[in-house]
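Before any comments, here is the structure.
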Amino acid sequence: MITTDFVPGSPCWIDLGAPDVPATAEFYKAVFDWEFQSYGPDAPDAGDYGVLKRNGKAVAGIGRLTEEGARSAWMVYFCTPDADATTGAVERSGGTVRVPPMDADGEGRMAQYTDPQGGQFAVWQAGNTKGMEAADEPGTLCWTELYTTDAAAAKEFYGSLFGWETQDMALPGGEGTYSMITPAGQPPERMHGGLMQLPSEALALTGGKPYWHPVFAVEDCDATVAKVGASGGSVQMGPEDAEGVGRLAVCVDPSGADFVVLTPATPAPA
């Protein structure tokens with residue numbers, strides 16, 4: 001589960017680069033009941049960036065996509081006590097620095113990277129803002145997932161960077177292995193994500209490059225999928241049941257950013 005008492009290496013924030021911020025914010029309002037609060041009027045340097053809130057709590061950010069040739073996509077930020085030190089570790093481990101460490105107006109310090117296989121991710125060093133204010137409940141982040149072309153190399157890179165501990169499980173039908181991720185030194189209930197190896201031809205959204213995506217908890221997967229379609233999005237897979245996990249679907253917003261919605265399985269009575 002993802003919590004808001006962040007530890008090094010745990011997901012602490014997500015944001016979305018979108019070509020049309022107001023239209024994209026309206027899509028997610030229709031799907032998850034998120035309200036958009038722009039930083040623009042109070043922070044001119046923030047441009048179109050703003051926060052998406054649910055029940056008054058910040059759950060994600062959204063800003064205008066400015067990188068030439070980039071696709072609209074969710075970015076996952078992992079907690080770090082020192083963004084500069086993490087940047088040095090990324091470079092030593094064969095990763096690339098996309099955005100060097102920079103201060104976010106006293107709220108924290110951030111940097112963005114690309115792992116050696118091509119997956120993009122980011123880190124957040126907390127200042128006044130620790131990160132998301134709600135998680136692991138309907139309409140919020142409950143899991144993070146990396147599709148990669150080399151699972152062993154990804155585990156080595158992120159393990160050296162964050163100290164992540166991984167636990168492998170066989171996928172049903174002999175379709176490969178799924179590696180579940182837990183922050184260093186944390187108990188199994190703090191497991192926050194997974195990674196899975198896929199061939200490059202299966203990664204059509206990114207032209208064959210690995211990528212991270214968020215999983216959002218919802219009360220009713222099928223009803224949420226209907227909202228996605230009615231609001232201009234599409235569904236890549238599902239809804240379908242995953243034993244021991246719940247009912248899920250892989251969705252794409254109108255600008256092409258993918259995300260997963262999941263109604264978690266109800267634990268069996270003790």
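Sequence positions, counted from 1, serve as the residue numbers for this chain.
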For R247, side chain to side chain donor-acceptor pair (under 3.5 Å) partners two or more places apart: D222, D241
Does L198 offer a backbone N or O that forms a donor-acceptor pair with the side chain of T148 under 3.5 Å? no
Got a donor-acceptor contact below 3.5 angstrom from the R54 side chain to the P138 backbone? yes
Distance-only side-chain donor-acceptor flag, R190 / T3, under 3.5 Å: yes
Looking at NZ of K155 and CD of Q197, how far apart are the two atoms once the value is rounded to the nearest 0.5 Å? 9.5 Å
Given salt bridge (Lys or Arg N to Asp or Glu O under 4.0 Å), test D258 with R71 step by step and report yes or no. CA-CA 11 Å; D258 66 300; R71 78 177 184 102; 3.3 Å; yes
Between the side chain of Q236 and the main-chain N/O of V250, is any donor-acceptor distance below 3.5 Å? no
So Y211 and H213, would you call those rings parallel, tilted or perpendicular, with 30° and 60° as cut-offs? perpendicular
Interatomic spacing from CZ in F259 to SG in C251 - rounded to 0.5 Å: 4.5 Å
Side chain to side chain donor-acceptor pair (under 3.5 Å) assessment of Y49 paired with S38: CA-CA 6 Å; Y49 196 84; S38 174; over 6 Å; no
Got a second to check how far W143's CH2 is from M180's CE, nearest 0.5 Å? 6.5 Å
Does this structure show an ion pair linking D84 with R109, if we count only N-O contacts that are shorter than 4.0 Å? yes
Dump the intermediate steps for side chain to side chain donor-acceptor pair (under 3.5 Å) on T149 and S200, then the final yes or no. CA-CA 6 Å; T149 50; S200 58; over 6 Å; no
Quick one: OG1 on T182 to CD on Q167, what's the gap to the nearest 0.5 Å? 7.0 Å
Any donor-acceptor N/O pair, T263 side chain to C221 backbone, under 3.5 Å: yes
Measure the CD-CG distance between E35 and N55 for me, rounded to the nearest 0.5 Å. 10.0 Å
F121-W212 aromatic ring centre distance below 6.0 Å: no
Say whether, by atom type as modelled, one donor and one acceptor occur between the side chain of N128 and the main chain of G106 under 3.5 angstrom. yes
S231 side-chain N/O to V228 backbone N/O, donor-acceptor pair under 3.5 Å: no
Can a donor-acceptor pair be found, under 3.5 Å and without considering hydrogens, that links the side chain of S255 to the backbone of A257? no
Could you check if a side-chain atom of V245 sits within less than 4.5 angstrom of a side-chain atom of L262, using non-hydrogen atoms only? yes
Ring center gap for W164 and F78 short of 6.0 angstrom: yes
Backbone of V90 reached by a side-chain donor or acceptor of S93 within 3.5 Å: no
Just wondering, more than 12 heavy atoms not from E243 lying within 6.0 Å of its CD? no
Distance alone, cut at 3.5 Å: any donor-acceptor contact between the side chains of Y113 and T87? yes
Approximate separation, where rounding is to 0.5 Å, of L65 CG and T24 OG1: 9.5 Å
Option passing side chain to side chain contact (heavy atoms under 4.5 Å, CB included) with F32 (candidates V59, L52, T224): T224
Taking the six-membered ring for Trp and the full ring for Phe, Tyr or His, determine whether the centres of F216 and W74 are under 6.0 Å apart. yes
Scan side-chain atoms only and decide if Y178 and D168 contain a donor-acceptor pair under the 3.5 Å cut-off. no
Pairs satisfying ring pair (Phe, Tyr, Trp, His ring centres under 6.0 Å), at least one member in residues 81-103, at least two apart: none
